Amino acid sequence: MAREFLRLERFIGIDNVELLKTKKIALVGVGAVGGFCLEALSRSAIGSFTLCDFDTVEESNINRQILALHSTVGKSKVALAKERVLDINSDAKVKALNYFADNTNYDEIFDGADLIIDAIDSLSAKVSLLEAAYKRGLPVISSMGAALRRNPELIRVADIYDSYGCPLARQVRSMLRKRDVGRGIDVVFSPEKVRFNYIRVEDDKDIIKSDKTLDRGRDRVMLGSLSTVTAIFGLRLAHLALEKLLPESTLSGTAEYDPRA
């Protein structure tokens with residue numbers, strides 16, 4: 001008998017573990033935040049995943065991304081993610097989409113998903129995904145900016161319209177409001193004031209180049225980040241996902257433990 005989720009069964013009960021095995025997650029972005037989110041959900045008996053990310057591993061990812069190793073540099077992130085999920089839970093169903101999420105493929109990404117998780121690091125793509133999910137009436141949660149943060153104790157969860165102190169969240173709110181997207185999207189964010197002097201992109205030797213042929217936005221400055229904080233963002237996002245997927249009382253209050261179970 002498989003025992004991968006025995007301790008989870010002892011904590012939330014067999015029925016809830018069986019429930020999680022029936023759930024499907026659509027996760028867009030398997031980098032710093034998304035990778036750790038996926039790690040936790042893979043170890044939480046989620047039965048099915050659709051993973052979407054067009055990127056490959058770079059050396060600069062190694063400081064914070066769970067899929068990034070010297071041995072994986074140059075490899076597809078979603079391909080690596082699928083392999084890792086199946087090595088954790090061989091019964092899981094995993095669909096790996098190695099392309100940029102946009103309005104040409106949202107239907108495929110969202111297909112059958114019980115919850116959509118946004119871990120995109122690009123503003124326009126993030127807003128587009130959130131709008132698409134919201135207007136389809138699909139449950140979606142999102143991570144705001146994790147880069148440049150130093151204090152994990154400031155990480156919060158709130159509706160996007162109740163978030164504060166995060167420059168990315170402020171821009172997302174503004175753009176969603178203009179697109180008639182209302183309340184109902186919970187986000188992980190930090191109100192920590194970031195200390196960073198933005199330089200011109202052309203002055204940065206390590207810019208993140210955009211792909212003009214695919215309309216992927218402007219070149220971006222590579223922001224500094226800590227593995228600890230980005231990982232906690234991802235794990236908090238995963239915990240939020242479990243809160244959405246399980247009965248309301250499961251992860252609140254004091255767990256009842258029966259050692260005979």
Side-chain angles (χ1 to χ4, degrees), residues 27-41 53 55 58 60-68 115-131 134 140-178 181-201 203-204 206-208 217-244 251-252:
L27 172 61
V28 184
V30 293
V33 172
F36 275 94
C37 178
L38 178 63
E39 182 77 8
L41 293 176
D53 197 313
D55 211 357
E58 300 179 2
S60 62
N61 300 150
I62 291 175
N63 84 304
R64 71 204 184 284
Q65 297 190 19
I66 196 166
L67 299 172
L115 181 67
I116 299 153
I117 303 178
D118 157 46
I120 301 172
D121 63 0
S122 170
L123 174 63
S124 59
K126 177 179 292 290
V127 171
S128 177
L129 179 80
L130 295 178
E131 178 190 14
Y134 179 87
V140 58
I141 59 177
S142 176
S143 174
M144 296 295 107
L148 305 178
R149 273 68 181 184
R150 304 166 187 264
N151 187 351
E153 294 182 3
L154 293 178
I155 296 172
R156 305 279 188 269
V157 172
D159 188 283
I160 181 62
Y161 286 107
D162 295 326
S163 62
Y164 59 95
C166 172
L168 176 60
R170 182 173 61 249
Q171 291 179 293
V172 171
R173 283 196 307 272
S174 176
M175 294 176 70
L176 289 178
R177 189 175 290 113
K178 292 176 182 177
V181 174
R183 299 176 65 87
I185 300 175
D186 284 342
V187 301
V188 178
F189 73 100
S190 171
E192 180 180 350
K193 186 176 181 179
V194 296
R195 299 189 297 272
F196 184 74
N197 292 321
Y198 284 89
I199 62 176
R200 294 180 304 167
V201 169
D203 292 337
D204 190 350
D206 293 313
I207 61 172
I208 302 172
R218 299 172 299 174
D219 295 345
R220 291 171 288 137
V221 175
M222 183 183 293
L223 301 178
S225 57
L226 288 171
S227 61
T228 49
V229 173
T230 52
I232 293 170
F233 260 79
L235 295 174
R236 187 63 188 92
L237 194 60
H239 192 81
L240 178 59
L242 294 175
E243 290 175 328
K244 300 287 186 183
L251 299 180
S252 62

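Residues: numbered from 1 along the sequence shown. Just so you know, these numbers come straight off a predicted model, no measurement behind them.
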Inset, instruction - Kindly compute the distance separating CD1 (Ile232) from CG (Leu154), expressed to the nearest 0.5 Å. - result: 11.0 Å

Inset, instruction - Calculate, to the nearest 0.5 Å, the distance between atoms CD and OG belonging to Glu243 and Ser252 respectively. - result: 8.5 Å

Legend entry - Side-chain heavy-atom pair Arg149, Val194 within 4.5 angstrom cut-off: yes

Legend entry - Euclidean distance, Leu27 CG relative to Leu38 CG, rounded to 0.5 Å: 6.0 Å

Legend entry - Minimum heavy-atom distance between Arg183 and Tyr161, given as atom pair plus value: NH1-CB, 3.7 Å

Legend entry - Minimal non-hydrogen separation, Ile155 against Val229, with atom names: CD1-O, 4.2 Å

Inset, instruction - Find out whether Leu41 and Leu242 are in side-chain contact, i.e. whether some heavy atom of one side chain is under 4.5 Å from a heavy atom of the other. - result: yes

Inset, instruction - Measure the spacing between CD of Gln65 and OG of Ser60 and express it to the nearest 0.5 Å. - result: 8.0 Å

Inset, instruction - Please tell me if the side chains of Lys244 and Asp186 come closer than 4.5 Å, counting only heavy atoms from C-beta onward. - result: yes

Inset, instruction - Could you tell me the separation between the CD atom of Glu131 and the CD1 atom of Ile185, rounded to the nearest 0.5 Å? - result: 9.5 Å

Legend entry - Note, Lys126 side chain near Met144 side chain (heavy atom, < 4.5 Å): yes

Inset, instruction - Using modelled atom types only, decide if a donor and an acceptor are shared between the side chain of Glu39 and the backbone of Ile66 within a distance under 3.5 Å. - result: no

Inset, instruction - May I ask you to decide if Ala68's main-chain N or O and Asn61's side chain share a donor-acceptor pair within less than 3.5 Å? - result: no

Legend entry - Within-4.5 Å side-chain heavy-atom neighbours: Val181 and Leu130: no

Inset, instruction - Over all heavy atoms of both residues, which pair between Ala146 and Thr230 is shortest? Give the atoms and the distance, please. - result: CB-CG2, 3.9 Å

Legend entry - N/O donor-acceptor pair under 3.5 Å between Arg173 side chain and Ser163 backbone: yes

Inset, instruction - Sequence neighbours left out, what passes ring pair (Phe, Tyr, Trp, His ring centres under 6.0 Å) with Phe189? Give chain and number order. - result: Tyr164

Legend entry - Heavy-atom closest contact (Ser143 atom, Phe233 atom, distance): OG-CD2, 3.5 Å

Legend entry - Residues, nucleotides or ligands: over 12 heavy atoms within 6.0 Å of Arg177 CZ: yes

Legend entry - Interatomic distance, Leu240 atom CG to Cys37 atom SG [nearest 0.5 angstrom]: 9.0 Å

Legend entry - Student check: side-chain heavy atoms of His239 and Val157 closer than 4.5 Å: no

Inset, instruction - Grab the two heavy atoms, one from Leu168 and one from Gly145, that are nearest each other, plus how far apart they are. - result: CD2-N, 3.5 Å

Inset, instruction - Please name the pair of heavy atoms, one in Ala147 and one in Ser225, separated by the smallest distance, quoted to 0.1 Å. - result: CA-CB, 4.1 Å

